[in-house]
Amino acid sequence: MKQFTKLFSELDGTTKTNPKVDALSDYFDKAPEYDKLWTIALLSHRRPKRAVNATRMKEWAAEIAGLPFWLVDESHHVVGDLAETIALILPDHENESSESLTHWMEFIIGLRNLEENERKSEMARAWSMLSRQQRFVFNKLITGGFRMGVSQKLMVRALAAATGIEENLLAHRLMGDWTPASTTFEELVLSEDKDEKDSRPYPFYLAYPLEQPPGELGTPAEWQAEMKWDGIRGQIIVRNQQLFVWSRGEELVTDKYPEYEVLTGFLPDGTVLDGEIMPFRDGLPLPFTLLQKRIGRKKVGPSLLKKVPVIFMAYDLLESGGEDIRQLPLNERRKKLEMVVAEAPEILRLSETVSFDTWEELADVRSDARSRQTEGIMLKNQASAYRVGRKRGDWWKWKVDPLTIDAVMIYAMRGHGRRANLYTDYTFAVRDGENLVPFAKAYSGLTDKEIARVDRFVKQNTLERFGPVRSVRPELVFEIAFEGINKSSRHKSGVALRFPRISRWREDKPASEINTLDDLHRMMDLYG
Amino acid sequence: MALLEFNENGIFCPPASVYIDPWRPVRNALITHGHADHSRRGHQHYLCTESAAPVIRYRLGEDISLETIKYGEPRVINGVRFSFHPAGHILGSAQIRVEYKGEIWVVSGDYKLENDGISEAFEPVRCHTFISECTFGLPVYNWPDQHDVYADIVRWWKRNREEGKTSVITAYALGKAQRLLRNLPENEGPVFTHGAVENVNEVIRRQGIQLPDTIRVTPEQDRKAYQGALVIATPSALGSPWMKKFRPYSTAMASGWMAIRGTRRRRSADRGFVLSDHADWGGLNQAIEQTGAEKIFVTHGYTSIYGNWLKDQGYDAREVKTDFSGESDDADSTGGDA
Ligand SMILES: [Zn+2]
Ligand SMILES: [Zn+2]
């Protein structure tokens, strides 16, 4: 636990990638094999099932600390993290556990089979043996939310540095249904897998946002335009009759999209497609939020497959007949891509090009992009090779402007941590006849100075208080920007916004002039 | 009539007709300490401790009408007896004791219980009514031993030096900056200071307080000198173009807020060190108990939560709204402290 806690603290103490990788690879260098295996499991979302109820944990900790439950609860609200709150309030002592991570993971798994009162005394015993930082890590292992700012990709990179094994081979080896109980580090990480070489993806080429007028790019004939699809960037690979799906962030996600499996029979061996994993039904994209339901799942059940069907919107071909063709100009790769897609079933679609003779014409298409469920336009140089990473010049994303609506603030909530005494989180409403209907929450978009002024307004214009929330006189008007709008039965307003944020404070506008619920519904009809 | 009351100008003592740390201009102001939210501009007469005076004069102008008083020395105004007692917050900081017809109130100002080696160490003062700050009035705030924190800072500095980096640590120009200087080892390497910090250092050295040597950061300074050095900067300097000259560098913040992981992560600094000039949870409870007071007013901080906790403990506790900005994020360089 000492080594793992040190690792955790180091990962947590920096936001930079390289120090994280260094700390991890150092850990993979020194930790015992069984602990390494657990660390890999934890960092690849293979945590054991939750063993202790959160409220119970809070109660027990309060009891040990000699504090009333309400105070621990309030503290939890301020800190924003239960594991940390408990670690901080428990009495300090000199103890530190030298037992391994594996020991504590087995301890946690063992808690599940206990009676509640035994569980309570076991938790108290654990807390009394662990140092403050160890307790935090231990609590985190129970409560989850254990990210440490390390993606699977980062972990794989560190593991590669420590073992000298290539990253995409490792990514492949770590796939599938294993648990620390079912395998060993030797077997999982160090042994060669027969089809791992076949799964190897290419690095993605990433577009830059277009900030200059498109006219500066040259003549329209030099450019290929497509819609900018709202999905997950992905690569589909078929080699030796086997299919692999990689998502951007270079994670192997084959298991999550079983419906692509049919492509194995249609795509010739040695084919690599670049495109977008998209929720799609009846020839139209579904809202991206639906896809998010699938992203978080380790296993995708039949009902989810039915509710959120996906297609692959292909826009580039990177390998053809087993040959890397990334150096061919885009228009030649495109011809080959069209041929490949033409032979494949519906689940593979071609990202159609948008024909245009003038930039004005394309600007018109772009202004209409949202109603086609897209995010704008992609521009790709016809003569360009497929490059590596984010490079300026050949691929540009020309996004639509956000939607905006003027709304009035009606609730304010305290922030967390340092901002716990400031009202930083707001709920906004539009007008519906005599009534105000809440439709969006937003946290960001104001400067510190503006937040301080809004905070003062909130404190002086409170109508009612409910815990950390206050309702306020509906006077302050803000322009709310958002990327998309969808129907929602869960919200009173009947709409759900995508990425709402405050774009500016409309001090020039009285609350009587804000937008109406009808305006919102009209937007939804147009773009939803 | 209460001995002290809270009105729109600040904490007022009606029988003496004076204010303590008023936030609007008044005739007579008794000042607990030199931070900007406690010693404001525009009062006609100021009264503060001898060691707090130089910084207050420096901030508000040499021409203000300011009288000084020794710790423990009584000052009777209209039959009300006032005295100043060490608060341990920063150099010259005081709790103000107010006694009238056998009734005793104490205004804590900002305070901490541990001796930081530069502030006059906190002394508990018995009273009937205590007006206490509670900036960190939650049980999650428990300060680590300050000597461990200094050792951590030195370790971070050393490691940066080995990597060829400058170590930039932010601290409030008045208080935390001098506390760091006094407690970090002198032979560890050169220490540079932001202008706002060095201005306060100069004032403090002039009043006869020993501080280790520091070098003011100026545009003329050869950049090579920064490599491996420590720079003490104000929080507002972080992320500003002023930082460019120290490249490559690592940044850290020293503040009580750093005790919470979420806060550490939201800040743009590479490291957060838990070092506060305010009392932690245990400190607040201990200080309040030692006053023997039954009635407690709580000001800046988690007032409603901490007030409820005190009520649970059997105190007659009340929450007071003040204009002290102890929790503020963007206080000026000598202002709101944590
Ligand atoms: Zn202060
Ligand atoms: Zn203060």
Side-chain angles (χ1 to χ4, degrees), chain A residues 8-10 12-16 19 22 61-62 65-81 83-92 132-133 136-137 140 147-149 414-422 424 447-452 455-456 459-460 465 467-468, chain B residues 134-145 152 156 159 163 236 250-253 255-274 280-282 285 300-313 321 323 325-331 336 338:
Chain A
F8 186 97
S9 309
E10 284 178 359
D12 201 41
T14 176
T15 51
K16 297 189 179 109
D22 290 349
L67 297 170
F69 182 79
W70 69 263
L71 182 56
V72 177
D73 203 40
E74 288 275 10
S75 302
H76 178 196
H77 178 79
V78 171
V79 173
D81 182 295
E84 183 182 7
T85 306
I86 289 175
L88 290 172
I89 62 159
L90 288 172
D92 212 2
R132 180 160 278 167
Q133 183 67 9
F136 170 55
V137 173
K140 265 305 202 203
R147 263 174 237 106
M148 315 206 288
R414 287 192 309 209
H416 281 109
R418 186 187 177 93
R419 294 197 182 282
N421 267 25
L422 281 177
T424 58
T447 63
D448 282 356
K449 285 217 172 80
E450 285 173 327
I451 290 174
D455 177 71
R456 209 168 312 137
K459 287 171 181 162
Q460 287 163 359
R465 308 170 72 144
Chain B
C134 61
T135 309
F136 293 103
L138 284 182
V140 294
Y141 294 108
N142 299 293
W143 306 149
D145 187 313
D152 281 347
W156 163 78
R159 188 165 165 176
E163 292 173 1
S236 59
S250 172
T251 54
M253 304 183 98
S255 149
W257 300 109
M258 295 296 123
I260 305 293
R261 177 169 172 257
T263 318
R264 278 197 308 273
R265 292 161 70 94
R266 267 195 290 271
R267 314 305 297 172
S268 46
D270 302 321
R271 278 294 295 271
F273 296 109
V274 183
D280 65 359
W281 171 256
N285 291 327
H300 57 331
Y302 297 100
T303 48
S304 72
I305 299 175
Y306 192 63
N308 284 335
W309 157 256
L310 290 177
K311 278 180 218 154
D312 269 15
Q313 303 305 299
K321 244 183 76 76
D323 257 14
S325 60
E327 76 268 21
S328 147
D329 228 345
D330 45 13

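These values consider heavy atoms only, across backbone and side chains, with no hydrogens, waters or symmetry-generated copies.
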Partner residues of A:D22 under the side chain to side chain contact (heavy atoms under 4.5 Å, CB included) criterion, sequence neighbours left out: none
Modelled atom types, side-chain donor and acceptor of A:W70 and B:D312, under 3.5 Å: yes
Side-chain (B:N142) to main-chain (A:I89) donor-acceptor, under 3.5 angstrom: no
Atom pair CD/CZ of A:Q133 and B:R261 - distance to nearest 0.5 Å: 8.5 Å
Side chain proximity check, A:L88 to B:W281, heavy atoms < 4.5 angstrom: no
Side-chain heavy-atom pair A:V78, B:V140 within 4.5 angstrom cut-off: no
For the student: nearest non-hydrogen atoms of A:L71 and B:W309, plus distance: CD2-CE3, 3.5 Å
CD1 on B:I260 to OG1 on A:T85, rounded to 0.5 Å: 7.0 Å
Nearest heavy atoms of B:L138 and A:S75, plus distance in Å: CD2-OG, 4.0 Å
